[in-house]
Asks: 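Below you will find the structure I want to go over with you.
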Amino acid sequence: MFIWEGVSEFVAVAEAESFTAAAKRLGISTAQVSRQVSALESRLSTKLLYRTTRKVSVTEAGQTYYQYCRQVLDGLEEAERAMTNLQLIPKGKLRLTAPVTYGEKVIAPLVNDFVVRYPELEVQLNLTNQKLDLVGGGYDLAIRLGKLEDSTMMAKRLSSRTLYVCASPNYLSTYGVPHSLSELERHNCLQGNLDYWRFQDRGKPHNVRVKGTMKCDSGWALLDAALKGIGIVQLPDYYVQPSLACGKLISLLEHYQEADDGIWAIYPHNRHLSPKVRMLLDFLDESLS
């Protein structure tokens, strides 16, 4: 194993031709420089410097050793500059995962904007509704929606989402407008993966079991069915907001609307979070907040 002690001191003396000047350059005492260089010469069993009361000069062996040491120190300085640049310019691989629909509609465009800003990044974005193992899969970051499970992961809240219950004007004119949760029993409720809808009643979470003629794991398919007057649907804002804004869908039961869910970035617990991940987190936070 290479021992660094004395190398920086020797190079400084060789270049300054003075122990005093080398000590000043390194910010240590002249005695310490002398001790380190002497220890280095003993370790190498080679005289590197000629010392007189007036001058310090490098021996022939010292010149050879100096050339190699200078290259090593230059390499270390270059490595430090590279690390500093990484703090400013994200580069290299970045792996993240997000839910399919929210990822396609919101996260992917923002990640693309980030890549436009920092084109030296190589991004792998895995859109899936499965909760992947970040550590085992080598992921830097994951986007999660809703309530977080207990985890050893770190979490940063980026934004929120609102669940809307809504139906088309045609459906409501035909079957009526529900004004209470109990009235949902009389309506065709278009279901996703769950057989219940989430509400808030008297300030507390309240789930209501629903049934209907359609069950589908695609939010877009459920949205299309609601727009065509087939039934009532409960979907997050990023599905229904445009249709609500233009009147193609009507928001229902707003008095019972559940408190907003969180939209989170989670990442493995790491005190030394890489600059590229930290900068992406800040970018997503700024864009979504």
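Bear in mind the structure is a predicted one, so any value in this text is a computation, not a measurement.
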Asks: Between Gln191 and Leu222, which heavy-atom pair has the shortest distance, and what is it?
Replies: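 Looking at all heavy atoms of both residues, the closest pair is O-CD2, 3.4 Å.
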
Asks: Just to verify, what does Asp261 make a side chain to side chain donor-acceptor pair (under 3.5 Å) with, not counting sequence neighbours?
Replies: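 Applying side chain to side chain donor-acceptor pair (under 3.5 Å) to Asp261 gives Arg161, Arg198.
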
Asks: According to salt bridge (charged side-chain N to carboxylate O under 4.0 Å, His left out), who are the partners of Lys47, at least two apart in sequence or on a separate chain?
Replies: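 Per chain and number, Lys47 pairs via salt bridge (charged side-chain N to carboxylate O under 4.0 Å, His left out) with no residue.
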
Asks: Are more than 12 heavy atoms from other residues, nucleotides or ligands located less than 6.0 Å from atom CD of Glu185?
Replies: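 Atom CD in Glu185 is not crowded, with 12 or fewer foreign heavy atoms closer than 6.0 Å.
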
Asks: Can you find a pair of side-chain heavy atoms, one from Glu183 and one from Arg186, that are under 4.5 Å apart?
Replies: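 Glu183 vs Arg186: side chains touch.
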
Asks: Shortest non-hydrogen contact from Ser168 to Gly229?
Replies: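 For Ser168 and Gly229, the tightest heavy-atom pair comes out as OG-CA, 3.3 Å.
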
Asks: How long is the gap from CZ on Phe114 to NZ on Lys276, to the nearest 0.5 Å?
Replies: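 Here the rounded value is 10.5 Å.
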
Asks: Minimum heavy-atom separation for Val7 and Cys69, please, with both atom names.
Replies: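 Shortest heavy-atom separation between Val7 and Cys69 comes out as CG1-SG, 3.8 Å.
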
Asks: If the condition is salt bridge (charged side-chain N to carboxylate O under 4.0 Å, His left out), which residues does Arg144 pass it with, not counting sequence neighbours?
Replies: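 Arg144 satisfies salt bridge (charged side-chain N to carboxylate O under 4.0 Å, His left out) with no residue once adjacent residues are dropped.
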
Asks: Would you sort out whether Tyr118 and Leu94 count as a side-chain contact (heavy atoms from CB on, under 4.5 Å), showing the intermediate values?
Replies: CA-CA 12 Å; Tyr118 303 111; Leu94 187 61; over 6 Å; no

Asks: If you measure from CH2 on Trp264 to CE on Met154, what distance do you get to the nearest 0.5 Å?
Replies: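 Interatomic distance, Trp264 CH2 to Met154 CE, rounded to 0.5 Å: 12.0 Å.
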
Asks: In the hydrophobic cluster built from side-chain contacts under 4.5 Å, what are the other members alongside Val210?
Replies: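 Val165, Tyr171, Leu172, Tyr175, Val177, Leu181, Leu184, Trp197, Phe199, Val208, Ile232, Ile250, Leu252, Leu253, Tyr256, listed by chain and number.
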
Asks: Among residues at least two apart in sequence or on other chains, which ones pass side chain to side chain donor-acceptor pair (under 3.5 Å) with Ser18?
Replies: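 Here no residue qualifies.
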
Asks: Give the minimum heavy-atom separation between Lys93 and Asp140, together with the two atoms involved.
Replies: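 Looking at all heavy atoms of both residues, the closest pair is O-OD2, 4.1 Å.
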
Asks: Hey, what do you get for OG (Ser8) to CG (Leu40), rounding to the nearest 0.5 Å?
Replies: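 The CG atom of Leu40 is 10.5 Å from OG of Ser8, to the nearest 0.5 Å.
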
Asks: Could you tell me whether the side chain of Gln257 and the main chain of Leu163 form a donor-acceptor pair under 3.5 Å?
Replies: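 Yes, the answer is positive, given that a donor and an acceptor are paired below the 3.5 Å cut-off.
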
Asks: Rounded to the nearest 0.5 Å, how far apart are CG of Leu145 and OG of Ser160?
Replies: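 One gets 11.0 Å once the value is rounded to the nearest 0.5 Å.
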
Asks: If the condition is side chain to side chain donor-acceptor pair (under 3.5 Å), which residues does Ser182 pass it with, not counting sequence neighbours?
Replies: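 Here the qualifying residues are Ser180.
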
Asks: List, by chain and then residue number, the residues other than Tyr196 in its hydrophobic cluster (Ile/Leu/Val/Met/Phe/Trp/Tyr, side-chain heavy atoms under 4.5 Å); write none if there are no others.
Replies: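 Taking Ile, Leu, Val, Met, Phe, Trp and Tyr as members, Tyr196 shares its hydrophobic cluster with Leu194.
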
Asks: Do you know the tightest heavy-atom contact between Ala14 and Tyr66?
Replies: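 What the structure gives for the nearest pair is CB-CD1, 3.9 Å.
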
Asks: Hey, does the side chain of Gln124 reach the backbone of Arg95 with a donor-acceptor pair shorter than 3.5 angstrom?
Replies: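 Between the backbone of Arg95 and the side chain of Gln124 there is no qualifying donor-acceptor contact (under 3.5 Å).
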
Asks: Got a sec, which pairs hit ring pair (Phe, Tyr, Trp, His ring centres under 6.0 Å) with one end in residues 6-50, sequence neighbours left out?
Replies: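 Counting only pairs at least two positions apart or across chains, the ring pair (Phe, Tyr, Trp, His ring centres under 6.0 Å) contacts touching residues 6-50 are Phe10-Tyr65.
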
Asks: Run the side-chain donor-acceptor check on residues 22-33: report pairs under 3.5 Å with partners two or more places apart or on a different chain.
Replies:
unit_1, atom_1, unit_2, atom_2, d
Arg25, NH1, Glu15, OE1, 2.9
Arg25, NH2, Glu15, OE1, 2.7
Ser29, OG, Gln32, N, 3.1

Asks: Between Arg51 and Val37, is a side-chain contact (heavy atoms from CB on, under 4.5 Å) present by the stated rule, with each step listed?
Replies: CA-CA 12 Å; Arg51 303 166 176 83; Val37 171; 3.5 Å; yes

Asks: Glu120: what forms a salt bridge (charged side-chain N to carboxylate O under 4.0 Å, His left out) with it, not counting sequence neighbours?
Replies: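 Applying salt bridge (charged side-chain N to carboxylate O under 4.0 Å, His left out) to Glu120 gives Lys91.
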
Asks: Between Leu284 and Leu141, is a side-chain contact (heavy atoms from CB on, under 4.5 Å) present by the stated rule, with each step listed?
Replies: CA-CA 12 Å; Leu284 293 175; Leu141 188 70; 4.2 Å; yes

Asks: State the NZ-SG distance between Lys215 and Cys189, to the nearest 0.5 angstrom.
Replies: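 Separation between the atoms: 13.0 Å.
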
Asks: Between Leu235 and Gly219, which heavy-atom pair has the shortest distance, and what is it?
Replies: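 Taking Leu235 first and Gly219 second, the nearest heavy atoms are CD1-O, 3.7 Å.
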
Asks: Without swapping roles, check the side chain of Ser173 against the backbone of Asn170 for a donor-acceptor pair under 3.5 Å.
Replies: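 At least one qualifying donor-acceptor pair exists.
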
Asks: Check whether Arg43 reaches the backbone of Glu5 with its side chain - one donor and one acceptor, N or O, closer than 3.5 Å.
Replies: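 Looks like yes, one N/O pair under 3.5 Å.
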
Asks: Taking only residues two or more places apart in sequence, or in another chain, which ones meet Lys156 in a side chain to side chain contact (heavy atoms under 4.5 Å, CB included)?
Replies: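 Partners of Lys156 by the side chain to side chain contact (heavy atoms under 4.5 Å, CB included) criterion, ordered by chain and then number, come out as Leu158, Leu281, Asp285.
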
Asks: Quick one: side chains of residues 96-103, donor-acceptor pairs under 3.5 Å with protein atoms, not counting sequence neighbours, listed by atom name and distance.
Replies:
unit_1, atom_1, unit_2, atom_2, d
Thr97, OG1, Asn126, O, 2.8
Thr101, OG1, Tyr239, OH, 2.8

Asks: Inspect the surroundings of CD in Glu254 and state if more than 12 heavy atoms from other residues, nucleotides or ligands are less than 6.0 Å away.
Replies: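 Atom CD in Glu254 is packed in, count exceeds 12.
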
Asks: Working to the nearest 0.5 angstrom, can you tell me the gap between Tyr139 OH and Ile266 CD1?
Replies: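 If I round to the nearest 0.5 Å, the distance is 12.5 Å.
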
Asks: Any donor-acceptor pair under 3.5 Å linking the side chain of Asp224 with the backbone of Trp220?
Replies: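 Not at all, since once roles are kept as given, no pair shorter than 3.5 Å links the two residues.
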
Asks: Do other residues, nucleotides or ligands put more than 12 heavy atoms under 6.0 Å from Lys228 NZ?
Replies: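 Atom NZ in Lys228 is not crowded, with 12 or fewer foreign heavy atoms closer than 6.0 Å.
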
Asks: Apply side-chain contact (heavy atoms from CB on, under 4.5 Å) to Arg70 and Gln67, showing your working.
Replies: CA-CA 5 Å; Arg70 184 69 267 172; Gln67 296 298 327; 5.5 Å; no

Asks: Can you tell if the side chain of Val58 reaches within under 4.5 Å of the side chain of Leu48, non-hydrogen atoms only?
Replies: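 Answer no - side chains too far apart.
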
